[in-house]
S.K.: 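To start, I am sharing the structure in question, which I have written as structure tokens.
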Amino acid sequence: MPGGIPWCFVVLFAVCLECLAQNFGQTRFICTSVPVDMDMCTSVQSSGNAEDLKTNVLQLRETVLQQKETIMNQKETIRELTTKLGRCESQSLLESGPNEAKPGAGRKQSGSGKNTMGDLSRTPAAETLSQLGQTLQSLKTRLENLEYSRLNSSSQTNSLKDMLQNKIDDLEKQVLSRVNSLEEGKLNPKNETEERVKIESTLTSLHQRISDLEKGQKDNRPGDKFQLTFPLRTNYMYAKVKKSLPEMYAFTICMWLKSNASPGVGTPFSYAVPGQANELVLIEWGNNPMEILINDKVAKLPFVINDGKWHHICITWTTRDGVWEAYQDGTQGGNGENLAPYHPIKPQGVLVLGQEQDTLGGGFDATQAFVGELAHFNIWDRKLTSGEIYNLATCSTKALSGNVIAWAETNIDIYGGATKWTFEACRQIN
């Protein structure tokens, strides 16, 4: 019983009420336990003490009142927590948007109406702050690297570097101020979005200025000796190939990849055409294996690359019977057929590195972004032989460039903080 009152008192209290109804005119009522074969009302009236009954009744009443008060307090607490939870969910929906999850087996859905690239409203505040901090650290590292370059011999360059350093310091203060405001609940969703756009605009400007400083270093290296780095899982960091694909009835796509992202390395590349965002996509999303999509048809690939080491991968395909093969580090690891058979790869599309497109050239989803490093992305309009692929992976012969898409700095534009660094494939494996 609540409050520690024995159950027998409840029974006795009920007996007393019965006796009270039968003897309303009397002045004393006593409740006590009696043998089963005795008249309970007679026994109650002839024994005990009225004060004991009064004490027990008052104690019962006090217990009931205490329990009632406790229940009311608990209900009030539940209402407060429910209200706070509702506010948190509303704020989360404002920040993350309505299409956070992706349907089915790691594949994405065409025409889902997501925002185009650069829309940061879908990234949770805490994650965005972490990403901004890492991006700022990347900028600082690039500035420090410039100190060791020949450009530092110029006083004009030193002055520019100091100006950029001051801008980075100002950005750090803005981010810190934003963190404090979020903790104190001062920012509403509208102000937060404006703040985020402002910071991202400044970051993009800084990346461009630093890239200009680094240009002198790049001028001395061959056009294909570089890699792309995507350090964060965002919906705005990507690279775009300037050239589109022609109509193809066969292809070989090869590249070097390095990543330790989990779960899933993301989307190394995606090719979308009008009316079909999944024309040609390589993706490893969530806990699903890596997949190749052609005209929204899918084949699972045997690649295992998220160990933080460089790996060379190639995929070949022919429209005749949809036959495909997959190679990792020069060795064939899987093959199949009936992958979009007799469907030619359509021309006049958009080829993006590092992001998966839901719309032509946009609709990026941060959860499917590639995180890691990518180099020597080449496309041929024919099926390479196993020997050619082995030579590419082992640097046994002079590098073979794609006759459709060749890896060259002049063919690629980068956005949102993706960076280019010097890369020697053969040096990595020797």
Side-chain angles (χ1 to χ4, degrees), residues 99 101-112 114 116-117 228 230 233 235 237-241 243-248 250-255 257 259 261 263-303 305-306 313-319 322 324-326 334 336 338-341 343-372 374 377-381 402 404-405 412:
N99 297 308
K102 301 290 285 182
R107 296 174 60 188
K108 56 93 174 173
Q109 200 171 31
S110 300
S112 60
K114 287 192 177 74
T116 57
M117 64 280 194
L228 297 179
F230 305 92
R233 200 182 291 278
N235 63 346
M237 189 177 294
Y238 69 104
K240 183 178 178 181
V241 179
K243 184 180 178 181
S244 182
L245 300 182
E247 185 174 69
M248 295 190 300
F251 67 71
T252 299
I253 301 176
C254 296
M255 71 199 79
L257 291 177
S259 178
V265 303
T267 308
F269 77 88
S270 64
Y271 176 68
V273 297
Q276 178 54 275
N278 289 341
E279 183 66 9
L280 181 56
V281 181
L282 181 65
I283 182 172
E284 184 182 79
W285 182 69
N287 294 313
N288 302 288
M290 185 166 281
E291 299 173 339
I292 182 76
L293 279 72
I294 299 178
N295 191 32
D296 209 23
K297 307 302 185 295
V298 63
K300 298 184 183 301
L301 305 177
F303 298 145
I305 62 171
N306 63 338
I313 65 171
C314 285
I315 305 105
T316 70
W317 172 85
T318 59
T319 186
W324 60 271
E325 296 175 348
N338 201 34
L339 175 59
H343 170 82
I345 302 300
K346 296 179 181 177
Q348 305 305 314
V350 176
L351 181 57
V352 168
L353 306 179
Q355 291 285 354
E356 193 262 358
Q357 304 171 67
D358 276 352
T359 59
L360 187 64
F364 302 151
D365 184 341
T367 64
Q368 295 183 323
F370 174 70
V371 180
L374 182 152
F377 179 84
N378 288 279
I379 300 180
W380 295 261
D381 60 2
V404 174
I405 298 294
I412 295 175

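Note that the coordinates shown come from a computational prediction; the quantities given were computed from them, not determined experimentally.
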S.K.: If I take atom CD from residue Gln355 and atom CG from residue Asp365, how far apart are they, to the nearest 0.5 angstrom?
M.R.: 8.5 Å
S.K.: Indicate yes or no: at least one non-hydrogen side-chain atom of Val404 is less than 4.5 angstrom from one of Leu245.
M.R.: yes
S.K.: Compute whether any side-chain donor of one residue and acceptor of the other, for Ser244 and Gln348, lie under 3.5 angstrom apart.
M.R.: no
S.K.: Below 4.0 angstrom, N of the basic side chain to O of the carboxylate: do Glu279 and Lys346 qualify?
M.R.: no
S.K.: Using the side-chain hydrogen bond (donor to acceptor under 3.5 Å, both in side chains) criterion, which residues pair with Glu284? Sequence neighbours excluded.
M.R.: none
S.K.: Using 0.5 Å steps for rounding, measure from the SG atom of Cys254 to the CD1 atom of Ile313.
M.R.: 8.5 Å
S.K.: By the definition side-chain contact (heavy atoms from CB on, under 4.5 Å), identify the one residue from Ile345, Val352, Val281, Ile379 that meets it with Tyr271.
M.R.: Ile345
S.K.: Picking from Phe364, Phe269, Phe370, what satisfies ring pair (Phe, Tyr, Trp, His ring centres under 6.0 Å) with Tyr238?
M.R.: Phe364
S.K.: So, using side chain to side chain contact (heavy atoms under 4.5 Å, CB included) as the criterion, who are the partners of Pro347 when residues are at least two apart?
M.R.: Glu247
S.K.: Is there a side-chain contact between Lys243 and Ile405, using heavy atoms and a 4.5 Å cut-off?
M.R.: yes
S.K.: Just to verify, what does Asn378 make a side chain to side chain contact (heavy atoms under 4.5 Å, CB included) with, not counting sequence neighbours?
M.R.: His376, Trp380, Ser401, Ala406, Trp407
S.K.: CD1 of Ile253 to CD1 of Ile315: how many Å apart, nearest 0.5 Å?
M.R.: 6.0 Å
S.K.: Can you list the residues that meet the side-chain hydrogen bond (donor to acceptor under 3.5 Å, both in side chains) rule with Thr316, with sequence neighbours excluded?
M.R.: none
S.K.: Could you list the residues that satisfy side chain to side chain contact (heavy atoms under 4.5 Å, CB included) with Leu339, not counting sequence neighbours?
M.R.: Ile292, Ile294, Lys297, Ala299, Trp317, Trp324
S.K.: Sequence neighbours excluded, which residues qualify as side-chain hydrogen bond (donor to acceptor under 3.5 Å, both in side chains) partners of Asp381?
M.R.: Asn403
S.K.: Quick one: list whatever passes ring pair (Phe, Tyr, Trp, His ring centres under 6.0 Å) with Phe303, sequence neighbours left out.
M.R.: none
S.K.: Can you list everything that forms a side chain to side chain contact (heavy atoms under 4.5 Å, CB included) with Ala239? Sequence neighbours excluded, please.
M.R.: Leu228, Phe230, Leu353, Ile412, Ile414
S.K.: To the nearest 0.5 Å, what is the distance between CG (Asn278) and CG (Asp358)?
M.R.: 7.5 Å
S.K.: How long is the span from the CG atom in Leu280 to the CG atom in Asn295, to the nearest 0.5 Å?
M.R.: 10.5 Å
S.K.: Checking side-chain polar atoms at under 3.5 Å, does Gln276 have a donor or acceptor matched by the opposite partner on Asp296?
M.R.: no
S.K.: Run the side-chain contact (heavy atoms from CB on, under 4.5 Å) test on Val350 and Gln357 for me, step by step, so that the C-alpha distance in whole Å, both residues' side-chain angles and the decisive distance to 0.1 Å come before the verdict.
M.R.: CA-CA 9 Å; Val350 176; Gln357 304 171 67; 3.8 Å; yes
S.K.: Could you state the interatomic distance from CG (Leu374) to CG (Leu257), rounded to the nearest 0.5 Å?
M.R.: 5.0 Å
